[in-house]
Amino acid sequence: MDPIFLIASAVALASAVNMVTQRNPVYSAVFLLVGFLAVAVTFLSLSAPFLAAIHVVVYTGAIMVLFLFVIMLLNLKPEELGAEYPIETRAPIAVLCAAMFGMMSWAILSDPSLAIPAKAPNATWGSVEEVGLLLFNVYALPFELISLLIIVAMFGALVLAKKRLSNVEATS
Amino acid sequence: MTFTIYELAAMQPALLVMIAGLLAVGLDTFVPSKTRIAHAMLCGGGVIAAMAALGSQLYYQRTAIHAFGNMLVLDDMACFLSLAILAATGLVLISSDADTTRRNIGFGEYYGLIMIAASAMMMLVASNDFMTIFVNLEVLSLALYVLTGITRKNPRSNEASVKYLVSGAFATCFFLMGVAFLYGATGTFALSGIREALALGLDSSMARVGLGMVMVGFAFKIGAVPFHMWVPDVYEGAPTSTTAFMSVTVKAAGVGALIRVLLIAAPMRSDLWADLLWWMAVATMVVGNLMALQQTSVKRMLAFSSVAHTGYALVALATMRSTDETFVPEAAASALFYLLTYTFMTLGAFSFLIYMGHELPGKDGTSEWQDAETLSDLAGMADRRPWAAAMMGLFLLSLGGIPPTAGFLGKFYLFAGAIERGHVTIAVIGVMASLVSLYYYLRVIVWMYMKEPMIADEKPHPSVAVVIALAGLATLLIGVMPGAFIAAAEHSIAVLR
């Protein structure tokens, strides 16, 4: 297997574990950032450069900034973080998650046709061009429908967060 | 791959609703927000135009329209469920007149979000590809999260919205992971492509896990046990017209999409999902009814009863594989018919709660609107509001499955079919569960008819009375003349390919 892939996945796993075990939310966020970058590198090593670029732009760029903003705005002190859940609560959840993970890994590993291919089918596979062709041809309808999704999200955020400016609310 | 303009015909009804919704949002800029006539006419016009388009598709066009590389298909099942969704949307538009004025919700945002959610549901039941199913599921969920929390000053509404958002995001993860697994196993998102791949023997462990996770995602959205935890809190916290809207339309859309996935993508693997659905249906009926028994709030009771009714609808899907191991897709018709009956009786029952609302004195001299929620709010209403109380009685008897209402026929058709296919146990459990449900439905009637009134200042809203009357009419009509509706449901499944 590709050594870059191995190293990147090891980094991703280690930072994911660190992310959930850290008490300080800022440390968690930084470990999440490292994890995102490592996942982007695995995408690169699996010849999916477009996905890697998008991953960096959207997750490490936009979503991490959002997380850090929220953490800074809330500005929680250590005593405000609340007590850790007792082990009796955490143990069953951990078992459940492990079972879920085990089931999914079993499903992938027990499938002989899914051994990770060493090389991409052809040179342009996963390139921006290929993804773009698929997106605007085969998946044109879902792509256009996503614009509706974004409108609803934007509009919903406005409705929930706006100041009371509308006449209806102001006169109440 | 090129698309022609004619393929838009497949999404024309949904587009009409969507455009009306988006225009309603923009309308706030041009008309004074004190009047709602323009919004109501625009959205009502959109709903009626879409119904006309669906009607012409059903009665003149007749052949299904496959569009956008078979991602969207406007066939009889899509038309049937879209009409049910549109009927519910139209009724909710009328009754939300009360909610928006009483709670100072902007008309543009409320009507707009409801219309956009309805258009996403119409496209969801017409989706023939996991990509479109997923996007439409997300659009409708997002609109509903906002609608749930739209009364921003009400902490219960905020709590409900956040709970719905978090559990909904969780369900989305399951759904998406399942779709990814199915894609990994079969190399396609198209439902028909997945069926072909499974038929070729690409029946790996990955496909099984994927199918299971997709079903978990659907179970969350339609509120089936054990993924029903969010239902009571969300239904209770949301404004009642939103609750009425989502309790009926999301179930119609979600069960419709599930039927399509099961019948088109995985019909030959019914051995995999039939048992899973069997247990889910039994658990949903039992838990829903037992939890509803303990509620003192009528709104919460109706929320749990909607969980129980999801279970009844799932009985039809679970018994599609008969006990002698033949696959009977026609069985799904009873689920479609049940969803139709459920639409009107639940919508009517929730609308009655809006109708019986009253004002509570709040802090700083203002008054706060409170829909009827507890049994004592409804006590003695038969004397004060005899017609509305009689209608509520009709809805409750229909929910409990008493003839000659629609609910009786829905359940009869459902359980008779299950027994016909050899599934006696689940039918007996279902009938027992609906017997239990009679207790809490009749309790409301007893309070309405046999107690002294405890509230004297209820302020019925005339537009809600219209909704109650129309829903009551539909409940009786389907109960007395079910033939055409059952035939339509059976035809929808028969031509499903």
Side-chain angles (χ1 to χ4, degrees), chain A residues 46 48 51 63 93 96-97 99-117 121 125 131-172, chain B residues 1-3 7 11 18 22 25 28 32-34 67-69 71-72 100-101 103-110 112-113 116-117 119-120 123 129 131-132 134-136 138-140 142-143 145-147 149-150 152-153 158 161 177 181 184-185 189 202 204-210 212-213 366:
Chain A
L46 292 171
L51 211 53
I63 291 187
I93 298 175
L96 209 65
C97 291
M100 192 78 208
F101 178 72
M103 185 189 72
M104 285 159 64
S105 329
W106 163 78
I108 295 174
L109 292 175
S110 68
D111 198 324
S113 65
L114 285 165
I116 297 170
W125 194 86
V131 174
L133 279 173
L134 265 182
L135 202 58
F136 295 108
N137 280 309
V138 181
Y139 297 112
L141 176 72
F143 179 78
E144 293 298 334
L145 284 179
I146 283 180
S147 61
L148 183 68
L149 180 72
I150 294 171
I151 287 181
V152 174
M154 208 163 61
F155 177 56
L158 276 177
V159 166
L160 291 180
K162 70 173 182 204
K163 282 208 173 127
R164 294 167 59 188
L165 284 176
S166 77
N167 296 342
V168 186
E169 275 204 308
T171 50
S172 68
Chain B
M1 197 179 286
T2 49
F3 302 123
E7 292 181 57
M11 56 190 296
M18 188 201 298
L22 291 174
V25 175
D28 271 346
S33 44
K34 277 277 176 199
F68 303 105
M71 281 200 179
L72 215 58
T100 42
T101 38
R103 296 179 202 276
N104 295 318
I105 303 168
F107 308 118
E109 54 225 43
Y110 200 79
L113 283 169
I116 290 172
S119 81
M123 284 189 279
D129 188 291
M131 208 64 137
T132 33
F134 175 71
V135 175
N136 285 317
E138 277 312 280
V139 174
L140 81 90
L142 213 51
Y145 302 149
V146 180
L147 280 174
I150 204 158
R152 288 183 296 156
K153 281 177 282 182
N158 295 345
S161 183
M177 204 65 173
F181 269 66
F189 289 120
L202 278 173
S204 56
S205 44
M206 257 181 105
R208 292 175 196 200
V209 170
M213 290 173 92
T366 57

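Below, chain A is the first sequence line, B the second, and so on; all start at residue 1. These figures come from a predicted structure and were not determined experimentally.
- With a threshold of 4.5 angstrom between heavy atoms, B/Asn158 does not approach chain A through any atom at all.
- Remark: B/Glu109 pairs with A/Lys162 by the salt bridge (charged side-chain N to carboxylate O under 4.0 Å, His left out) rule, at least two apart or across chains.
- Expressed to the nearest 0.5 Å, how far CD of B/Glu138 lies from CG of A/Leu145 amounts to 12.5 Å.
- Using a 4.5 Å heavy-atom threshold, the side chains of B/Met11 and A/Leu141 count as touching.
- Listed here is the closest heavy atom pair of B/Met71 and A/Pro142: SD-CD, 3.5 Å.
- We find the CG-CZ distance between B/Leu113 and A/Phe155 to be 5.0 Å, quoted to the nearest 0.5 Å.
- Considering all non-hydrogen atoms of both residues, A/Ser110 and B/Ser205 come closest at OG-OG, 2.6 Å.
- The shortest heavy-atom contact between A/Leu160 and B/Gly149 is CD2-O, 3.4 Å.
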Using the side chain to side chain contact (heavy atoms under 4.5 Å, CB included) rule, take A/Ile151 and B/Leu22 through it: C-alpha gap first, then chi angles, then the decisive distance, then the call. CA-CA 9 Å; A/Ile151 287 181; B/Leu22 291 174; 4.1 Å; yes
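- The two residues B/Val209 and A/Met103 make their nearest non-hydrogen contact at CG1-CE, 3.7 Å.
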Walk me through it: do A/Phe143 and B/Val135 pass the test side chain to side chain contact (heavy atoms under 4.5 Å, CB included)? CA-CA 9 Å; A/Phe143 179 78; B/Val135 175; over 6 Å; no
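- A/Met104 touches chain B through backbone and side chain together, each having a heavy atom under 4.5 Å away.
- For the atom pair CD1 of A/Ile146 and CZ of B/Phe134, the computed distance is 8.0 Å after rounding to the nearest 0.5 Å.
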